[in-house]
Amino acid sequence: MTRLSRREFFTRTSMGAAVAGLALARGATLRADPLGIPIGSQTYPVRARIAQGEFVAVLKGMYDAGIRQIELCSPAGYADFKSLADGKGTKTIIEDNGLKCVSCHFSYAEFRDSLPKTIEWAQAVGLTQMGTASLPQNMGTQASPIIVMSNGVTSQESIKRAADVYGKIGAATKAAGIQLFLHNETFENSRTNDGRLTYPILLSALDPDLVKMQFQMSSMRTIGNPIAYFNLYPGRFISAHVHGVDLEGPAPPARGPQMPVKPDPSAAPGRGGRGPASPGPPAVAIGDDSVNWPAVFAAAKMGGLKNYYIEQEQANGGWEAMVKGAAYLKTLT
């Protein structure tokens, strides 16, 4: 992959958004399930219910909402999921309730300290994708750190070291028939000590065959336009976490080109989007936010998405937002 300067990245970002918009204007269509992929949901937002023994009830509720596949968190790395330690039994429960599970989040420590056992559980569940939420600063040792990070700032050397180590994990999972992915929560959303975004550098440093990416949609306000990433790095994104994102409320200083705000026919001339979000519950459903989701999903096909998972983590109204978001996604035809 050719390296891009910061200016080139931002320039192409704007071009990527324009190309996606043009495709839609020319009549590009999406299926009832965006990308023709069954709508999925992450189970982390309902971890407390799973910990209380309500796994079956959660699955039934998700099925009723139109969800047809889930993404788990591992029982060894996430205490709330410890009841799912029997991989084969977990797979049976999921499928008996009309759902499938091909993806799961693991703690990085599981990859570092017990990879064979971790892969064994993944195979029992039937996973084809496995990954971690973020590369932690304790990837190495105190005496020999892999990632050096302070106040959200890291270095290009740290990024390259981290990519090399994570790629070796990817080689092991690939040999077991499972694709490794990397989500973006903390390290991936940082900047380097010379002001560059970590994420594009990381994409260039990772082996695209061994490690795919899982895009966290809420991070678009930090690392940039998902449409641009999907177009600039085709085939690099295997999945995404989708949720309502308010792109028009208070935000940090601008760090790149305009985000994919959906058009508002009633907006005043010269003003895009729908204006500031009105007060309401903390959970904002997909479709009630300010993201141009048809444009995002159109570009996601170029990015290579195989799965996407609704993840409404808010304690107040998260489940209701998930249900409403699933209904909205089914309207993207």
Same cluster for Leu182 and Val102 if Ile/Leu/Val/Met/Phe/Trp/Tyr side chains link at under 4.5 Å?
no
Taking the side chain from Asn231 and the backbone from Ile227, do they hold a donor-acceptor pair closer than 3.5 Å?
yes
Pi-cation contact, Phe55 with Arg49 (under 6.0 Å, within 45°):
no
Counterpart residues, ring pair (Phe, Tyr, Trp, His ring centres under 6.0 Å), relative to His243 (two or more places apart):
none
Closest non-hydrogen contact found for Ser190 with Thr198 is OG-OG1, 2.8 Å
Kindly give the heavy-atom pair with the smallest separation between Gln123 and Ile178, and that separation in Å.
CG-CD1, 4.0 Å
Lys117 backbone acceptor or donor facing Ser114 side chain under 3.5 Å:
no
How would you list all residue pairs meeting side-chain hydrogen bond (donor to acceptor under 3.5 Å, both in side chains) that involve residues 83-108, not counting sequence neighbours?
Lys60-Asn97, Glu71-Ser103, His105-Gln214, Ser107-Glu110
Do the rings of Tyr166 and Phe111 sit parallel, tilted or perpendicular, given the 30° and 60° boundaries?
tilted
Please identify each residue that fulfils side chain to side chain donor-acceptor pair (under 3.5 Å) with Ser134, with sequence neighbours left out.
Glu188
Give, for atom CD1 of Ile94 and atom OG1 of Thr43, the distance between the pair rounded to the nearest 0.5 Å.
8.0 Å
Contacts table for residues 148-155: side-chain donor-acceptor under 3.5 angstrom, sequence neighbours left out:
{"unit_1": "Thr154", "atom_1": "OG1", "unit_2": "Val148", "atom_2": "O", "d": "2.9"}
{"unit_1": "Ser155", "atom_1": "OG", "unit_2": "Ser158", "atom_2": "N", "d": "3.1"}
{"unit_1": "Ser155", "atom_1": "OG", "unit_2": "Ser158", "atom_2": "OG", "d": "3.1"}

Among Tyr233, Phe181, Tyr199, find the residue that satisfies the side-chain contact (heavy atoms from CB on, under 4.5 Å) test when tested with Met213.
Tyr199
Could you check whether any side-chain N or O of Arg47 sits under 3.5 Å from a backbone N or O of Ala79, counting only pairs where one atom can act as donor and the other as acceptor?
no
In terms of ring plane angle, is the pair Tyr308 and Phe297 parallel, tilted or perpendicular, where the classes change at 30° and 60°?
perpendicular
Testing the basics here: between Ala163 and Ala205, what is the closest heavy-atom pair and its distance to 0.1 Å?
CB-CB, 3.7 Å
Can any side-chain N or O of Gln156 pair as donor or acceptor with the backbone N or O of Thr192 at less than 3.5 Å?
no
Any chance CE of Met217 has more than 12 other-residue heavy atoms, nucleotides or ligands included, within less than 6.0 Å?
yes
When rounded to the nearest 0.5 Å, the distance separating CG of Asp246 from OG of Ser218 is 12.5 Å
Within this structure, what is the CG-CD1 distance for the pair Leu332 and Ile39, rounded to the nearest 0.5 Å?
8.0 Å
Distance col, row Leu329:CG vs Ile67:CD1, nearest 0.5 angstrom, shows 8.0 Å
Interatomic distance, Glu320 atom CD to Gln314 atom CD [nearest 0.5 angstrom]
11.0 Å
Working for side-chain contact (heavy atoms from CB on, under 4.5 Å), residues Val291 and Trp293
CA-CA 6 Å; Val291 175; Trp293 288 106; 3.5 Å; yes
Partner of Asp164 by salt bridge (charged side-chain N to carboxylate O under 4.0 Å, His left out), out of Lys160, Lys168, Arg161
Lys168
Between Thr132 (side chain only) and Phe106 (backbone N and O only), is there a donor and an acceptor less than 3.5 Å apart?
yes
Has the side chain of Asn189 got a donor or acceptor atom that lies under 3.5 Å from a matching backbone atom of Glu185?
yes
Side chains of Tyr328 and Asp288: closer than 4.5 Å at any heavy-atom pair?
no
Indicate if Leu180 and Ile238 have the same hydrophobic cluster label, given that clusters are the connected sets of ILVMFWY residues with side-chain heavy-atom separations under 4.5 angstrom.
no
Rounded distance (nearest 0.5 Å) linking atom CG of Leu72 with atom CE of Met130
12.0 Å
Which heavy atom of Ala285 sits nearest to which heavy atom of Ala321, and what is that distance?
CB-O, 3.6 Å
Do Ile223 and Val296 belong to the same hydrophobic cluster, where Ile, Leu, Val, Met, Phe, Trp and Tyr are linked whenever their side-chain heavy atoms lie under 4.5 Å apart, directly or via other members?
yes
Could you pull out the closest heavy-atom pair between Cys73 and Cys104, with the gap in Å?
C-SG, 3.6 Å
Linking I/L/V/M/F/W/Y whenever any side-chain heavy atoms sit under 4.5 Å apart, do Tyr309 and Ile37 land together?
no
Is it the case that the side chain of Asp289 and the backbone of Gly287 share a donor-acceptor pair, with hydrogens and angles ignored and the cut-off at 3.5 Å?
yes
Do any N or O atoms from the side chain of Ser204 and from the backbone of Pro200 form a donor-acceptor pair under 3.5 angstrom?
yes
Do Pro226 and Phe237 make a side-chain contact, defined as non-hydrogen atoms from C-beta onward lying under 4.5 Å apart?
no
Give me the atom names and distance for the closest heavy-atom approach of Leu210 to Gly167.
CD1-O, 3.4 Å
Would the distance check show the side chain of Glu311 and the main-chain N or O of Ser41 forming a donor-acceptor pair, the cut-off being under 3.5 Å?
no
Lys82: which residues meet the salt bridge (Lys or Arg N to Asp or Glu O under 4.0 Å) condition with it, sequence neighbours left out?
none
Using the six-membered ring wherever Trp is involved, compare the ring planes of Tyr229 and Phe215 and label them parallel, tilted or perpendicular (cut-offs 30° and 60°).
tilted
Just wondering, more than 12 heavy atoms not from Glu54 lying within 6.0 Å of its CD?
yes
Heavy-atom check, side chain of Val46 versus side chain of Met62, under 4.5 Å:
yes
Taken in chain and number order and not counting sequence neighbours, the residues that satisfy side chain to side chain donor-acceptor pair (under 3.5 Å) with Ser219 are Asn184
Counting C-beta onward and ignoring hydrogens, is there a side-chain heavy-atom pair between Leu247 and Met220 closer than 4.5 Å?
yes
Intermediate values then yes/no, side-chain contact (heavy atoms from CB on, under 4.5 Å), Glu313 and Tyr44
CA-CA 8 Å; Glu313 290 191 37; Tyr44 185 75; 3.7 Å; yes
Hey, does Pro45 have a side-chain heavy atom less than 4.5 Å from the side chain of Gln312?
no
Taking Arg191's backbone N and O only, do any of them form a donor-acceptor pair with Arg196's side chain (distance below 3.5 Å, no angle check)?
no
Co-membership, hydrophobic cluster, residues Leu203 and Ile169, 4.5 Å side-chain
yes
Please lay out, stage by stage, how Lys212 and Gln129 fare under the test side-chain contact (heavy atoms from CB on, under 4.5 Å).
CA-CA 9 Å; Lys212 302 296 183 183; Gln129 304 163 25; over 6 Å; no
